[in-house]
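To start, the structure under review is shown below, and the notes come after it.
Values reported hereafter were calculated over all heavy atoms of this structure, with side chains retained and with hydrogens, waters and symmetry mates removed.
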Amino acid sequence: SINKVKLIEMDILEVSLLEEQFDIIECSGVLHHIDDPSKGLKSLLGILKDNGFLKLGLYSELARKDIVQAREYIDTKNLQQNEDNIRKFRQKIISGELSELKSLKTISDFYSLSQCRDLCFHTKEYRFTINQLQEILHSNQLKFLGFLLPQGIKSLYKNYFPEDKTQTNLQNWKRFEKNNPNTFRRMYQFWVSKISI
């Protein structure tokens with residue numbers, strides 16, 4: 001039975017100091033901002049029970065192409081991440097001066113200073129492909145249990161791949177994402193289970 005809930009703020013690389021094992025761990029939007037995402041994942045797996053469940057949220061390389069373009073512009077102009085620069089950057093996009101980045105206006109995070117900082121000005125960001133996800137899961141002996149997506153996307157996937165009843169074939173998802181590049185606009189959000197050896 002699951003009877004423990006821990007709300008503790010600490011470095012992800014030091015979670016072993018808890019000296020406990022957990023049935024369920026959620027880690028969304030963290031690993032892709034640390035120096036070594038694989039090291040962070042291994043730290044979490046070290047405190048996850050065999051057959052435990054892990055929810056991960058990681059950025060998609062394909063879905064963030066325009067954000068990569070925005071980051072390149074920010075780097076080229078050597079814009080520091082302060083409120084004035086963030087406001088000026090947003091205004092250039094809103095006014096149409098940076099028309100090549102107009103798709104950012106469709107992202108709700110663009111309109112909040114702190115969220116826009118995280119979206120475009122964050123100093124460190126790793127993005128992943130589905131092939132990389134598959135390799136990470138394989139090398140860490142994790143079973144993929146499925147993406148968390150709106151029902152409309154799951155229905156569309158079912159039209160493409162009706163034989164994949166559990167919707168857990170990552171190579172199918174790779175093909176689906178290629179045809180629908182904004183599928184994982186926010187993140188790959190998915191559950192895995194730790195396979196006991």
Side-chain angles (χ1 to χ4, degrees), residues 1-64 67-68 70-71 74-75 80-83 85-86 107-110 112-149 166-168 170 173-174 177 183-197:
S1 67
I2 299 168
N3 57 9
K4 293 181 183 176
V5 175
K6 291 278 185 185
L7 295 173
I8 298 171
E9 189 173 322
M10 68 186 311
D11 189 312
I12 196 169
L13 299 178
E14 296 179 352
V15 292
S16 61
L17 297 175
L18 294 171
E19 297 182 348
E20 290 191 55
Q21 294 280 297
F22 297 88
D23 297 290
I24 297 174
I25 297 173
E26 293 191 33
C27 181
S28 186
V30 177
L31 293 179
H32 51 227
H33 286 313
I34 67 174
D35 287 329
D36 188 342
S38 63
K39 198 171 180 181
L41 176 59
K42 287 189 187 305
S43 291
L44 293 176
L45 295 176
I47 62 167
L48 184 66
K49 290 181 181 177
D50 286 345
N51 299 311
F53 298 94
L54 174 63
K55 178 189 171 193
L56 291 172
L58 299 169
Y59 287 144
S60 160
E61 182 73 55
L62 188 58
R64 290 177 72 83
I67 293 163
V68 171
R71 286 170 177 274
I74 290 163
D75 288 343
Q80 301 306 306
Q81 56 167 295
N82 57 53
E83 291 185 8
N85 281 338
I86 293 170
I107 304 172
S108 60
D109 288 358
F110 177 75
S112 158
L113 255 161
S114 63
Q115 290 177 320
C116 186
R117 178 183 289 116
D118 189 53
L119 182 71
C120 299
F121 285 77
H122 205 290
T123 55
K124 190 177 304 302
E125 175 181 299
Y126 291 94
R127 294 168 305 278
F128 298 85
T129 64
I130 287 185
N131 279 348
Q132 288 171 319
L133 289 185
Q134 196 161 27
E135 177 52 37
I136 289 166
L137 301 184
H138 176 73
S139 63
N140 288 286
Q141 296 177 316
L142 296 169
K143 180 181 179 183
F144 179 69
L145 301 176
F147 288 116
L148 299 169
L149 288 165
T166 59
Q167 300 195 346
T168 55
L170 283 168
W173 278 110
K174 176 185 171 184
E177 186 184 21
T183 300
F184 302 101
R185 183 67 163 159
R186 295 196 66 79
M187 272 188 280
Y188 294 122
Q189 297 243 21
F190 57 97
W191 283 97
V192 296
S193 62
K194 189 175 181 183
I195 303 167
S196 60
I197 304 169

Testing the basics here: between [X] and [Y], what is the closest heavy-atom pair and its distance to 0.1 Å?
| X | Y | answer |
| --- | --- | --- |
| Met187 | Ser28 | CE-OG, 3.6 Å |
| Asp36 | Ser38 | OD1-OG, 2.7 Å |
| Asp11 | Leu13 | OD1-N, 2.7 Å |
| Leu119 | Ile67 | O-CG2, 3.2 Å |
| Leu44 | Ile25 | O-CD1, 3.6 Å |

Looking at [X], I'd like to know if its [atom1] atom is crowded, meaning that more than 12 non-hydrogen atoms belonging to other residues, nucleotides or ligands lie closer than 6.0 Å.
| X | atom1 | value |
| --- | --- | --- |
| Lys174 | NZ | no |
| Arg186 | CZ | no |
| His122 | NE2 | yes |

[X] side, atom [atom1]; [Y] side, atom [atom2] - distance, nearest 0.5 Å:
| X | Y | atom1 | atom2 | value |
| --- | --- | --- | --- | --- |
| Leu48 | Cys27 | CG | SG | 11.5 Å |
| Leu170 | Glu135 | CG | CD | 12.0 Å |
| Leu62 | Tyr188 | CG | OH | 6.5 Å |
| Ile130 | Trp173 | CD1 | CH2 | 8.0 Å |
| Arg117 | Asn82 | CZ | CG | 8.0 Å |
| Cys120 | Glu125 | SG | CD | 9.0 Å |

Student check: side-chain heavy atoms of [X] and [Y] closer than 4.5 Å:
| X | Y | value |
| --- | --- | --- |
| Leu56 | Leu133 | no |
| Ile107 | Arg185 | yes |
| Leu58 | Leu31 | yes |
| Leu148 | Lys55 | yes |

Check the pair Phe53 / Asp23 against side chain to side chain contact (heavy atoms under 4.5 Å, CB included), numbers first and verdict last. CA-CA 6 Å; Phe53 298 94; Asp23 297 290; over 6 Å; no

Between Phe184 and Phe147, what is the ring plane arrangement, given parallel below 30°, perpendicular above 60°, and tilted in between? tilted

Report the C-alpha separation of Glu26 and Trp191 in whole Å, then their side-chain angles, then the decisive distance to 0.1 Å, and conclude whether the side chain to side chain contact (heavy atoms under 4.5 Å, CB included) test is met. CA-CA 9 Å; Glu26 293 191 33; Trp191 283 97; 4.1 Å; yes

The single option from Glu177, His32, Arg127 passing side chain to side chain donor-acceptor pair (under 3.5 Å) against Ser60: Glu177

Derivation of the side chain to side chain contact (heavy atoms under 4.5 Å, CB included) call for Tyr59 and His33: CA-CA 10 Å; Tyr59 287 144; His33 286 313; 3.5 Å; yes

Do Leu137 and Phe190 pass the side chain to side chain contact (heavy atoms under 4.5 Å, CB included) test, and can you show the C-alpha distance, the side-chain angles, and the key distance before you say yes or no? CA-CA 11 Å; Leu137 301 184; Phe190 57 97; 4.2 Å; yes

If the test is side-chain contact (heavy atoms from CB on, under 4.5 Å), which one of Cys116, Ser108, Ser114 qualifies with Ser112? Ser114

Hey, is the main chain of Leu45 close enough, under 3.5 Å, to the side chain of Lys194 for a donor-acceptor pair? yes

When you check the side-chain N and O atoms of Gln132 and Tyr126, is any donor under 3.5 Å from an acceptor? no

